[in-house]
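Along the sequence shown, residues carry numbers from 1. Whatever order the structure lists them in is the order used to number ligands and atoms, beginning at 1.
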Amino acid sequence: MSEHGTENRKAGGEAATHGEDFTAAAEPFILFETWFADASAREINDPNGMALATVDASGMPNVRMVLMKGVDKPGRHDRGFVFYTNLQSAKGSELEGQPKAALLFHWKSLRRQVRVRGPVQPVTPEEADEYFASRPRGSQIGAWASEQSRPLESRFALEKAVAVVTARHPLGHIPRPPHWSGFRIVPVEMEFWADRPFRLHDRVQFRRAEPGGPWHKHRLYP
Ligand SMILES: Cc1cc2nc3c(=O)[nH]c(=O)nc-3n(C[C@H](O)[C@H](O)[C@H](O)COP(=O)(O)O)c2cc1C
């Protein structure tokens, strides 16, 4: 994008906030809800896609995309951003060893990003069961068949594993695998960034000492 590009600027900070100045927001979950609604209306694919960063046992960072499957409503202060995965995957073991994470949403068509950091909690078995039950049958079978993040000999080996699980569950309810569940990142920091001309972007950071505590807001230099 050129330093001077302006045609699409309406997609960014100004238009998507409907003329309101997002830097005046007092509560980050409410602002996130507004921005996520804008992204849901504008992004062609996966507005709920977010990069999830963790660290391994040696302190080496790792990052990959996951889909946000829930963000709790403002006011439920100990709550946060939920995703689901295989608990035996790289991210699963990294979060078991160090239950802290960072998230990044980047909505290209809006020229906005949101950064989130905080401790991570497992979702309850009931939440995981409910979400698993809502998934397409093929995805439920896939969750049983895939040993996510472990070496796979061939595509055929994966297809064979899918066929074995399918034969085991020809009809009816497929239970949630014990190795498949979700995590909730409970933010202690959320930063909202919107593109502005000449790289003089707007940044607003909300921080709190611990989940449930009061938020403190700062503007940051771009
Ligand atoms: C847009 C997008 C969304 C994804 N969503 C998920 C997800 O919700 N859960 C998941 O386990 N993997 C998801 N993946 C795959 C992960 O990026 C990753 O390949 C996989 O989870 C293994 O990561 P790990 O080895 O770090 O555990 C997604 C990938 C993309 C590109």
Side-chain angles (χ1 to χ4, degrees), residues 32-33 35-72 79-159 161-162 165 174-187 190 193:
F32 182 85
E33 209 171 39
W35 280 26
F36 186 59
D38 292 338
S40 301
R42 290 287 282 277
E43 292 295 327
I44 51 167
N45 278 321
D46 299 332
N48 58 335
M50 56 188 188
L52 165 77
T54 51
V55 287
D56 72 12
S58 73
M60 179 82 85
N62 208 351
V63 66
R64 79 292 283 160
M65 296 299 292
V66 292
L67 295 178
M68 179 187 74
K69 288 296 174 182
V71 53
D72 297 303
R79 313 280 282 175
F81 297 82
V82 173
F83 73 94
Y84 289 90
T85 194
N86 185 314
L87 302 178
Q88 296 163 350
S89 64
K91 74 183 93 47
S93 26
E94 286 159 12
L95 287 172
E96 193 183 346
Q98 180 57 273
K100 294 176 182 175
L103 299 173
L104 177 72
F105 294 86
H106 177 215
W107 296 303
K108 286 190 180 188
S109 60
L110 295 172
R111 301 179 200 276
R112 287 175 171 174
Q113 73 174 342
V114 176
R115 296 165 66 173
V116 175
R117 298 170 77 202
V120 177
Q121 306 166 347
V123 302
T124 63
E126 293 73 28
E127 278 180 278
D129 285 343
E130 191 182 330
Y131 175 63
F132 189 77
S134 77
R135 301 183 84 206
R137 195 173 180 82
S139 306
Q140 295 178 336
I141 289 171
W144 278 102
S146 172
E147 298 178 28
Q148 192 179 55
S149 309
R150 278 145 291 171
L152 172 65
E153 193 189 304
S154 61
R155 182 80 205 176
F156 178 70
L158 177 60
E159 282 163 11
V162 168
V165 177
I174 300 181
R176 175 172 61 88
H179 58 261
W180 191 97
S181 190
F183 292 99
R184 174 176 280 106
I185 293 91
V186 184
M190 288 171 74
W193 180 104

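More than 12 heavy atoms of other shown residues, nucleotides or ligands fall within 6.0 angstrom of atom CZ in Arg150.
Looking at heavy atoms from C-beta onward, Met50 lies out of side-chain contact with Val116 at the 4.5 angstrom threshold. The side-chain heavy atoms of Glu94 and Val55, taken from C-beta on, include no pair separated by under 4.5 Å. At a threshold of 4.5 Å between non-hydrogen side-chain atoms, the residues Gln88 and Glu147 do not count as touching.
Nearest to atom 6 (C) of ligand 1 among the protein's heavy atoms is Val66 CA, 3.5 Å. For atom 26 (O) of ligand 1, the closest non-hydrogen atom on the protein side is Arg64 NE, 2.7 Å.
Residue Phe83 places every heavy atom at 4.0 Å or more from ligand 1.
Ligand 1 places these atoms under 4.0 Å from at least one heavy atom of Ser89: 27 (O). Below 4.0 Å from some heavy atom of Thr85 lie the following atoms of ligand 1, by number and element: 10 (C), 11 (O). Counting atoms of ligand 1 from 1 in the listed order, those under 4.0 Å from a heavy atom of Tyr84 are 7 (C), 8 (O), 9 (N), 10 (C), 11 (O).
Counting only distance, with no hydrogens or angles, the side chain of Trp107 and the backbone of Val114 share no donor-acceptor pair below 3.5 Å. Side chain of Asp72 to backbone of Gly80: a donor-acceptor contact under 3.5 angstrom is found. In this structure a side-chain-to-backbone donor-acceptor pair under 3.5 Å is missing from Asp38 to Leu110.
The heavy atom nearest to atom 24 (P) of ligand 1, considering only Ser149, Ser146, Gly49, is found in Ser149. Compare Met65, Lys91, Gln148 by their heavy atoms: the one nearest to atom 23 (O) of ligand 1 is in Lys91. The heavy atom nearest to atom 3 (C) of ligand 1, considering only Val82, Leu52, Leu67, is found in Leu67.
Each of Arg135, Glu127, Arg176 was evaluated against Tyr84; a single residue qualifies, Glu127, per the side chain to side chain contact (heavy atoms under 4.5 Å, CB included) test.
When non-hydrogen atoms are compared, ligand 1 lies under 4.0 Å from the side chain of Asp46 (C-beta onward) but not from its backbone.
There is no protein heavy atom less than 4.0 angstrom from atom 19 (O) of ligand 1.
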